[in-house]
Amino acid sequence: MLGFGEKVVMIVAVLVMLGVRGSGAEGRKPVLHRVGGGQNTWTPSVNFTNWSSHEQFYVGDWLYFGFDKTQYNVLEVNETSYDKCIDTDFITNVTKGGRDVFNLIDAKPYYFICGRGYCFNGMKVAVNVTVAPPLPPPRRKAVLLVQLAV
């Protein structure tokens with residue numbers, strides 16, 4: 001049979017394990033990144049390299065492209081097509097209605113350009129997507145465990 005002190009240690013150990021398992025279910029919420037920083041900023045007047053260098057992109061986040069679909073489009077391309085502004089043989093045509101979103105589902109670099117010659121005017125953006133760091137465990141659970149151990 002376990003003594004009182006051993007029972008307390010066992011209860012605390014079980015609660016810690018449940019707390020760790022429970023905290024894993026709570027993840028970082030996805031972020032919607034407005035490409036270029038505004039509502040309708042997929043235009044040649046934005047420095048997308050500067051914009052993306054100030055953002056942090058994680059798996060599960062979304063890109064929002066706001067633009068005039070009669071004038072511009074959004075194409076996901078490979079790195080070579082990005083560098084050379086090649087708008088054929090793209091990976092995905094993101095363009096739907098001019099207020100389009102793209103889900104960043106993998107940890108990797110993504111490349112987007114505007115076809116119709118606008119890529120040569122700077123309408124292209126590269127984003128490097130990484131796995132989000134783990135969230136710290138909630139403080140409330142740690143305090144609760146300390147109180148139960150006492």
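Residues take their numbers from the sequence shown, with the count starting at 1.
Checked by atom type, the side-chain pair Asn78/Ser81 shows a donor-acceptor distance below 3.5 Å.
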Can I get a per-line list of side-chain donor-acceptor pairs under 3.5 Å for residues 91-98, giving both atom names and the distance, sequence neighbours left out?
residue, atom, partner, partner atom, Å
Thr92, OG1, Glu76, OE1, 3.2
Asn93, OD1, Thr95, N, 3.0
Asn93, OD1, Thr95, OG1, 3.0
Thr95, OG1, Val74, N, 2.7
Thr95, OG1, Val74, O, 3.4
Lys96, NZ, Asn93, O, 3.3

Return all side-chain donor-acceptor pairs below 3.5 angstrom for residues 124-135, not counting sequence neighbours, or 'none' if the list is empty.
residue, atom, partner, partner atom, Å
Lys124, NZ, Tyr82, O, 3.1
Thr130, OG1, Gln56, NE2, 3.4

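Among pairs with a residue in residues 44-53, none fulfils salt bridge (Lys or Arg N to Asp or Glu O under 4.0 Å), at least two apart in sequence or across chains. Legend: disulfide bond (SG atoms under 2.5 Å apart) pairs involving residues 62-103, not counting sequence neighbours, sorted by first then second residue: Cys85-Cys119. Sorted by first and then second residue, the salt bridge (Lys or Arg N to Asp or Glu O under 4.0 Å) pairs with a member in residues 47-70 read Arg28-Asp61; sequence neighbours excluded. Listed by first then second residue, pairs satisfying side-chain hydrogen bond (donor to acceptor under 3.5 Å, both in side chains) with a partner in residues 37-49 read Arg34-Gln39, Thr43-Ser45, not counting sequence neighbours. Pairs engaging residues 32-75 under the disulfide bond (SG atoms under 2.5 Å apart) rule: none recorded [sequence neighbours left out]. Residue pairs that meet the side-chain hydrogen bond (donor to acceptor under 3.5 Å, both in side chains) test with at least one member in residues 99-117, sequence neighbours left out, do not exist here.
In this structure, the side chain to side chain contact (heavy atoms under 4.5 Å, CB included) partners of Asn121, at least two apart in sequence or on a different chain, are Pro44, Tyr118.
In this structure, CD in Glu79 is found 11.0 Å from NZ in Lys84, a value given to the nearest 0.5 Å. If you take OG1 on Thr70 and CZ on Phe67, they are separated by 10.0 Å, rounding to the nearest 0.5 Å. From Ser53, atom OG reaches atom CZ of Phe48 across 13.0 Å, with rounding to the nearest 0.5 Å. Note that OH of Tyr58 is 9.0 Å distant from NE2 of His33, once rounded to the nearest 0.5 Å.
Through ILVMFWY side-chain contacts below 4.5 Å, Ile86 is grouped with nothing and stands alone. Grouped by direct or indirect side-chain proximity (heavy atoms under 4.5 Å, Ile/Leu/Val/Met/Phe/Trp/Tyr only), Trp62 sits with Leu32, Tyr64, Val101.
The cluster map of Ile, Leu, Val, Met, Phe, Trp and Tyr, joined by side-chain heavy atoms under 4.5 Å apart, puts Ile105 and Phe102 in the same cluster. Grouping the Ile, Leu, Val, Met, Phe, Trp and Tyr side chains by contacts below 4.5 angstrom, directly or via other members, places Met123 with Val35. One hydrophobic cluster, built from ILVMFWY side chains closer than 4.5 Å, holds both Phe112 and Val46.
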